[in-house]
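Take a look at the structure set out below.
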Amino acid sequence: MRFAVHYRQAQVVAARDLSPSVRSIEIMPDGGAAHWSPGSHINLLLPIGDTGEVRSYSLVGEPGGAYRICVKRDDLGRGGSRYMHSLKEGARVTVSDPHNLFELDFQRPHYLMVAGGIGITPISSMAKTLARRGADVTMLYAARTADELLFSDELREAMGERVRFFVSQDGARIDPDAAVSALPPGGELYICGPMGLVDAFRRAWRAAGRPQHLFRTETFGSGGAYAPEPFLVRAPHLGIEVVVPADRSMLDVLEEAGVEVMFDCKRGECGLCAVDVVSAEGAIDHRDVFLSEHEKQSNARMCACVSRVAGGAVTIDTGFTPDAPRLT
Ligand SMILES: Cc1cc2nc3c(=O)[nH]c(=O)nc-3n(C[C@H](O)[C@H](O)[C@H](O)COP(=O)(O)OP(=O)(O)OC[C@H]3O[C@@H](n4cnc5c(N)ncnc54)[C@H](O)[C@@H]3O)c2cc1C
């Protein structure tokens, strides 16, 4: 069960490599591009897997003209980014209109923008928009190597001294505690990057006693603490036992088995698909950002869309019974 998304046919109008692992792709929908605001992403319906799969990409640059996205190649993934890297000018694709789940609030007195790796895609256009409006904004951007730093010239031009770059290969690391304490009270933090970086900022934010609603993040999905492997899911209240293969999610396998589970974001943010864990054999690899650290440690619930079990099985209760009124 998911909210409807409208897709359109579109054409790749430009494609080029920006770095050894990132490809910039410009896409023009038939009938023209829709308006979008910084922080927005588009979904692409890709011909991968048995029935096709959706992958999301944040929009970069300025609204108007073709949609521009930057895709990092992930060779451990299920093929979405590899497919995107194969696209050349003239290719036909199926895209959604832009959605914004990471919208800027222009009313804050101060902003701290933090990007790690490919998490730069939403943050760059958000930070440049704030700088152009004269907002009090600081930006910190970390990448593994210098050639993986994207948009550095345009960010310097738009933000001057207010953007700082950290290349971990050169030993430069962001200090989350120092960054949070340098943000004046009332300031809002927007962060997009690897889970380790987001978690470190979340801890620093909490330790500084900052209000939760001023901590804003968007995740692109997490590789988790363990490599994906098959695991068994038992739902005794439904008389079901299914194996989740390494390349599929528990949510998809449960849905295929006819188990109704509510979901929306499919990336561990909204928590709608969290199921009760009755018992687990092996470690639960919580890959969501919805459950608190305490909830993750207690292993009482797990988000079926992204979380997995390493080395075993899990017994769950979805709260759904076949006799219950069906949700439509
Ligand atoms: C709102 C949003 C915006 C995004 N913006 C961008 C962007 O601007 N640029 C960009 O490059 N990407 C972006 N992404 C990520 C993008 O949608 C894809 O997830 C990414 O391209 C990888 O796709 P894939 O099919 O290659 O890998 P996936 O199959 O999605 O795998 C990604 C990672 O998940 C792990 N994994 C693999 N199989 C499983 C499994 N069965 N269960 C759980 N984990 C598994 C692997 O460790 C792998 O490294 C965004 C995602 C979201 C939600």
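Owing to the predicted nature of the structure, the values given are computational and were not obtained by experimental measurement. Position 1 is the first residue of the sequence, and the numbers go up from there. Order of appearance sets the numbers: ligands from 1, and atoms from 1 within every ligand. Heavy-atom basis, side chains included; hydrogens, waters and symmetry copies ignored.
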**OP:** Report yes if some N/O of S56 lies less than 3.5 Å from some N/O of ligand 1; otherwise report no.
**Re:** yes
Original post:
By number and element, which atoms of ligand 1 are closer than 4.0 Å to a non-hydrogen atom of A246?
Top reply: 40 (C), 41 (N)
**OP:** Report the part of K72 in contact with ligand 1, treating N, CA, C, O as backbone and CB onward as side chain, heavy atoms under 4.0 Å; options are side chain, backbone, both, neither.
**Re:** both
Subject >> Derivation of the side chain to side chain contact (heavy atoms under 4.5 Å, CB included) call for F201 and I174 >> reply: CA-CA 10 Å; F201 266 90; I174 299 177; 3.7 Å; yes
Original post:
Which atoms from ligand 1 have a heavy atom of V71 less than 4.0 Å away?
Top reply: 11 (O)
Original post:
Would one find an N or O of I48, backbone or side chain, under 3.5 Å from an N or O of ligand 1?
Top reply: no
**OP:** State whether a side-chain donor-acceptor pair under 3.5 Å links T219 with E269.
**Re:** yes
Subject >> Side-chain donor/acceptor of D288 to backbone N/O of L291, under 3.5 Å >> reply: yes
Original post:
Would you call D247 a ligand 1 contact, heavy-atom distance under 4.0 Å?
Top reply: yes
Original post:
What atoms in ligand 1 come closer than 4.0 Å to a heavy atom of E218?
Top reply: 1 (C)
Subject >> Close approach of R287 to ligand 1, heavy atoms, under 4.0 angstrom >> reply: yes
Original post:
Counting heavy atoms only, which part of C70 comes closer than 4.0 Å to ligand 1: side chain, backbone, both or neither?
Top reply: backbone
Original post:
Pairs in or reaching into residues 69-89: which pass ring pair (Phe, Tyr, Trp, His ring centres under 6.0 Å), with residues at least two apart or in two chains?
Top reply: none
Original post:
For ligand 1, which atoms, with element, lie under 4.0 Å from some heavy atom of Y57?
Top reply: 4 (C), 5 (N), 6 (C), 7 (C), 9 (N), 10 (C), 11 (O), 12 (N), 13 (C), 16 (C), 18 (C), 20 (C), 21 (O)
**OP:** For I118, counting its heavy atoms only, list the atoms of ligand 1 lying under 4.0 Å from any of them.
**Re:** 9 (N), 10 (C), 11 (O)
Original post:
Considering only heavy atoms of S81, which atoms of ligand 1 have at least one such atom less than 4.0 Å away?
Top reply: 21 (O), 23 (O), 24 (P), 25 (O), 26 (O)
**OP:** List every atom of ligand 1 that sits less than 4.0 Å from any heavy atom of R248, numbering the atoms from 1 in the order shown and giving each element.
**Re:** 41 (N)
Original post:
Looking only at distance, does T219 have an N or O less than 3.5 Å from an N or O of ligand 1?
Top reply: no
**OP:** Kindly write out the residues that satisfy side-chain hydrogen bond (donor to acceptor under 3.5 Å, both in side chains) with D97, not counting sequence neighbours, or none if the list is empty.
**Re:** R8
Original post:
Purely on distance, is any nitrogen or oxygen of R78 under 3.5 Å from one on ligand 1?
Top reply: yes
Original post:
Judging by distance only, is a nitrogen or oxygen of P228 under 3.5 angstrom from one on ligand 1?
Top reply: no
Original post:
Do the charged groups of D30 and R92 touch, with an N to O distance under 4.0 Å?
Top reply: yes
Subject >> Flag for D147-S19: side-chain donor and acceptor within less than 3.5 Å >> reply: no
Subject >> N/O separation below 3.5 Å, S249 to ligand 1 >> reply: no
**OP:** Evaluate the ring planes of H99 and H41, with Trp represented by its six-membered ring, and classify them as parallel (under 30°), tilted (30 to 60°) or perpendicular (over 60°).
**Re:** parallel
Subject >> Short side-chain donor-acceptor distance under 3.5 Å, S81 and D74 >> reply: no
Subject >> Per atom 3 (C) of ligand 1, closest listed option by heavy atom (F220, Y226, Y83, F102) >> reply: F220
Original post:
For ligand 1, which atoms have a heavy atom of T121 less than 4.0 angstrom away?
Top reply: 7 (C), 8 (O)
**OP:** Determine whether F151 and I69 fall in the same hydrophobic cluster, where Ile, Leu, Val, Met, Phe, Trp and Tyr are linked whenever their side-chain heavy atoms lie under 4.5 Å apart.
**Re:** no
**OP:** Among K88, R73, R23, find the one that has a salt bridge (charged side-chain N to carboxylate O under 4.0 Å, His left out) with D17.
**Re:** R23
Original post:
With L232, which of V243, V309, V242 fulfils side chain to side chain contact (heavy atoms under 4.5 Å, CB included)?
Top reply: V243
